[in-house]
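In what follows, a single structure is set out as structure tokens and then discussed.
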Amino acid sequence: MRTSDFPLNTVKETPADAEIISHQLMIRAGLVRKLAAGLYNWLPLGVRVLQKVQNIVREEMDKAGALEVLMPVVQPAELWQESGRWEQYGPELARLNDRHGREFCLGPTHEEIITELARNEIKSYKQLPLNYYQIQTKFRDEIRPRFGLMRSREFLMKDAYSFHMNEASLQETYDRMFQAYNNIFNRLGLNFRPVLADTGSIGGNASHEFHVLAESGEDEIAFSTDSQYAANVEKAEAVAPSQTRAEPDQALEKVATPQQKTIEEISQFLNIPASQCLKTLLVKSEDDGLIALLLRGDHQLNEIKAEKLPGVQNPLTLATDEDIQQAIHCETGYIGPINLNIPLIVDRSAAHMANFACGANENGQHYLGVNWQRDVPLPERIEDIRQVVEGDESPDGQGTLTIARGIEVGHIFQLGTKYSEAMNACVLDENGKNTVMTMGCYGIGVTRVIAAAIEQNHDDKGITWPAALAPFEVALLPMNMHKSERLKAASEKLYLALKTAGVDVLFDDRKVRPGFMFSDMELIGIPHRIVLGDKGLDNGMVEYRARTESDNQDIPLDNIVDFISQAIKNTKST
RNA sequence: CGGGGUGUAGCGCAGCCUGGUAGCGCAACUGCUUUGGGAGCAGUGGGUCGGGAGUUCGAAUCUCUCCACCCCGACCA
């Protein structure tokens, strides 16, 4: 490709509304342009990268035995009503009517559609297992689209759905997908980790997320220092402290704490660490009453864990100030377990506290030196309801947890029969008996992968694409070609030779100054650069430099095609 | 949805407080010079100042209203 035929649309200035580096660079390099909040146009250069990702995803999915399909973006409401998600989904589901007034939505995902497809097309156990996938646009009307292509409203996703006779077959495909995902992200050249995950609103059993590690990631991941254990903090289990609870050695004492409500204020006011304060949160119970959740002051409630507990309203709902006033006759901030006449659930770590402080259920009053059993019965329900923190013991008993940030680029689920049962997707088994199919689903955020790749691969000059993602493999830069017929001839000849050798080369034949060319090619992140100049030609040499290197290498013109082919091969295999 | 902010040339911004001929830099186009790290000089084109209503002799500027976009928050008592 020639730059005279392939305008680069790079911009020197950083757009004002781009917060994170990938967003800035995607706009500066001319990959995308914003159309509206969360909506982007893809320019030719960006499309090339998109296609690279798609090709790798396709190859690995095909290799893993999945079959490509294509389903509509616009989906009839009936199917969503059948699964129950028409009501469950909030405003994130974009709904619309056609000219006849019939209801539709823009697909945020395709479980309903694939289940409808499968129940019509799959009749016999002999056709199973089957794994369908597509690469298709999704629309989610996000509360707040942000970080450019990282959380846009419209985005490209690879989604796959598998169908099975039983759990064992599902597990087999799930394992294959797990492997396929590892292959995909390895081939893409990303630094990533598969982690145990919560199944979220989609429901189901086992689930893994694939995270690209980056500071700007929106998710927190907990890793063991000593083992392979890795989990999203939403999911990571906070194990009970291994040491036994300290003996009471302080007397119970009631102290005035006027205007001191938050844990921070209390710990400062009483001059005790937050870990010695007990935090009491009131939430709604299933029958619309109240339940108290007790946590160590320095710990945070894990909403996902809490709302799964029997008796706790799901989704988790905090008690209002009025509820609390009515039930306890005090304000928030002064609640504690002593003489608290509502059901209590205590976190494992909180159950190990001794000589702690807590609210006295009277405005402006706290207790000090509180101990379980002596001053207040230890609640029967001891559960894991907190977020893990750095330094916690790893749930597998090996090492401690460290926490890193990640960008979720893939997610695989064992769905079970959630959708197939609701939508009656059955096949006949070998006895001619109707059986509900078991399902799995597997997603990759194709557009997000690109943003994540840039977050992980950039320098002060621009993008430093992993080889597999770069829009072109080689930049061919002639210095002032329009002034030298000899240079022009040599450049054209080399361009042709590279193309013939199957190299994806971008030939900068614009009449621009050298510095301009260098900057453009570095910004858009082409991994290999060949520079031709008159001086070099005198000696039959050209210059080579890899995008991530800072020094030139002189290569004989006669060898450069072989040299480059080899360099490309090397970067691809690493 | 709550709070805050911004809308002026393709992009980045000034002008607004204190009403009086719409500006700067980059980009684009033309010409000349230059040519190994985003060139210099000269010239050219480009604006319903987000939309609407109002106040005024006169509104980018003041008032009201609508819209768009951005940031923070939306469990941490």
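Hydrogens, waters and symmetry mates are skipped; everything else that's a heavy atom, side chains included, is used. First the proteins, then the strands, lettered A, B, ... as listed; each starts at 1.
Atoms CG (Asn9(A)) and P (rA28(B)) sit 12 Å apart, rounded to a whole Å. For Ile530(A) and rG36(B), the CD1 to C1' distance is 17 Å, given to the nearest whole Å. Rounded to whole Å, the distance from NZ on Lys511(A) to P on rU35(B) is 13 Å. Per the geometry, CD belonging to Gln24(A) stands 14 Å off C1' belonging to rC11(B), to the nearest Å. What separates NZ of Lys535(A) from P of rU35(B) is a distance of 11 Å, to the nearest Å. For the pair Ile526(A) CD1 and rG37(B) P, the computed distance is 20 Å after rounding to whole Å. Following rounding to the nearest Å, Leu281(A) (CG) and rC76(B) (C1') show an atom-to-atom distance of 6 Å. Distance CD (Glu543(A)) to C1' (rG37(B)): 12 Å, rounded to an integer number of Å.
Taking atom C1' in both rU56(B) and rA60(B), the straight-line distance is 16 Å, to the nearest Å. Taking atom P on both rG23(B) and rU63(B), the two are 25 Å apart, rounded to the nearest angstrom. Spacing of P atoms, rC49(B) relative to rU61(B), comes out at 9 Å, to the nearest Å. Nucleotides rG50(B) and rG7(B) place their C1' atoms 6 Å apart, quoted to the nearest Å. Spacing of C1' atoms, rG47(B) relative to rC24(B), comes out at 15 Å, to the nearest Å. Using atom C1' as the reference point in both rA39(B) and rA27(B), the two lie 15 Å apart (nearest Å). Distance check on atom C1': rG51(B) versus rU8(B) gives 15 Å, rounded to whole Å. One C1' atom belongs to rA28(B), the other to rG38(B), and the distance between them is 16 Å to the nearest Å.
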Open item on the list: Please determine whether salt bridge (Lys or Arg N to Asp or Glu O under 4.0 Å) holds for the pair Arg486(A) and Asp538(A), giving the CA-CA distance in whole Å, both sets of side-chain angles, and the decisive distance to 0.1 Å.
Closed with: CA-CA 10 Å; Arg486(A) 178 179 66 144; Asp538(A) 290 341; 2.9 Å; yes
Open item on the list: One pair to check against side-chain contact (heavy atoms from CB on, under 4.5 Å): Gln24(A) and Ile454(A). What are the steps and the verdict?
Closed with: CA-CA 10 Å; Gln24(A) 292 170 1; Ile454(A) 296 172; over 6 Å; no
Task: Thr3(A)/Asp508(A) under side chain to side chain donor-acceptor pair (under 3.5 Å): CA gap, chis, key distance, verdict - done: CA-CA 5 Å; Thr3(A) 49; Asp508(A) 201 345; 2.7 Å; yes
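Contact of Glu522(A) with rG38(B) (side chain to base): no donor-acceptor pair of N or O atoms is detected under 3.5 Å. At a cut-off of 3.5 angstrom, counting only N and O atoms as typed in the model, there is a donor on one side and an acceptor on the other between the side-chain of Asp520(A) and the base of rG38(B).
The nucleotide whose nearest atom lies closest to any side-chain atom of Thr332(A) is, among rU34(B), rG36(B), rA77(B), rA77(B). Nearest to the side-chain atoms of Thr10(A) among the listed nucleotides rG38(B), rG36(B), rC75(B) stands rG38(B). With rC1(B), rC76(B), rG36(B) as the candidates, the nucleotide lying closest to the side chain of Lys279(A) is rC76(B). The side chain of Ser519(A) approaches rG38(B) more closely than any other nucleotide in the set rC26(B), rG36(B), rG38(B). Here the nucleotide nearest the side chain of Arg513(A), chosen from rC1(B), rU34(B), rA77(B), is rU34(B). Residue Lys12(A) places its side chain closer to rC26(B) than to any other of rC26(B), rA77(B), rG37(B). Comparing rC72(B), rG38(B), rA77(B) by their closest approach to the side chain of Arg146(A) singles out rC72(B). Residue Ala16(A) places its side chain closer to rC13(B) than to any other of rG36(B), rC13(B), rA77(B). Closest to the side chain of Phe518(A), from the set rG37(B), rC70(B), rU35(B), is rG37(B). When distances run from any side-chain atom of Val531(A) to the nucleotides rC69(B), rG36(B), rG37(B), the shortest one goes to rG36(B).
Between the CD atom of Glu220(A) and the CD atom of Glu390(A) there is a distance of 9.5 Å, given to the nearest 0.5 Å. For the atom pair Leu295(A) CG and Leu278(A) CG, the distance stands at 8.0 Å (nearest 0.5 Å). Rounding to the nearest 0.5 angstrom, the gap separating the CG atom in Asp554(A) from the CD1 atom in Ile560(A) is 10.0 Å.
Within the structure, a side-chain polar atom (N or O) of Lys34(A) is placed less than 4.0 Å from OP1 or OP2 of rC70(B). Of the side-chain N and O atoms in Arg144(A), none sit less than 4.0 angstrom from OP1 or OP2 of rC1(B).
Minimum heavy-atom separation, Tyr40(A) to Gly148(A): OH-CA, 3.3 Å.
Neither side chain, Gln250(A) nor Asn371(A), offers a donor N or O lying under 3.5 Å from an acceptor on the other.
The partner of rU55(B), taking Watson-Crick or G-U wobble pairs whose two distances both stay under 3.5 Å, does not exist in any strand shown. Judged by Watson-Crick or G-U wobble contacts below 3.5 Å, the nucleotide rC32(B) has rG40(B) as its partner. Using N1 to N3 plus N6-O4 or O6-N4 for Watson-Crick, or N1-O2 and O6-N3 for G-U wobble, each under 3.5 Å, rG12(B) pairs with rC24(B). The partner of rU48(B) cannot be assigned: no Watson-Crick or G-U wobble pair with both contacts below 3.5 Å exists in any strand. Base pairing of rC1(B): its partner is rG73(B), meeting the Watson-Crick or G-U wobble criterion (both donor-acceptor distances under 3.5 Å). Base pairing annotation: rU6(B) forms a Watson-Crick or G-U wobble pair with rA68(B), both donor-acceptor distances under 3.5 Å. Across the strands present, rU18(B) finds no partner; the criterion is a Watson-Crick or G-U wobble pair with both atom distances under 3.5 angstrom.
Of the residues near RNA chain B, Thr14(A) and Arg510(A), the one whose nearest nucleotide (by heavy atom distance) lies more toward the 5' end is Thr14(A). Both Gln387(A) and Ala37(A) lie near RNA chain B, and the one whose nearest nucleotide falls closer to the 5' end is Ala37(A).
Within the cation-pi definition used here (under 6.0 Å to the ring centroid, within 45° of the axis), Arg529(A) qualifies as a partner of Phe518(A).
When heavy atoms are screened at a 4.0 angstrom cut-off, Leu301(A) is found touching base atoms of the nucleic acid. Contacts of Leu295(A) with the nucleic acid, taken as non-hydrogen atoms under 4.0 Å apart, are absent. When heavy atoms are screened at a 4.0 angstrom cut-off, Glu331(A) is found touching no nucleic acid atom at all. Here Leu316(A) lies out of heavy-atom contact (under 4.0 Å) with every strand. Looking at heavy-atom distances under 4.0 Å, Ala319(A) makes contact with a base. Base contact: Arg529(A) has a heavy atom under 4.0 Å from a base atom.
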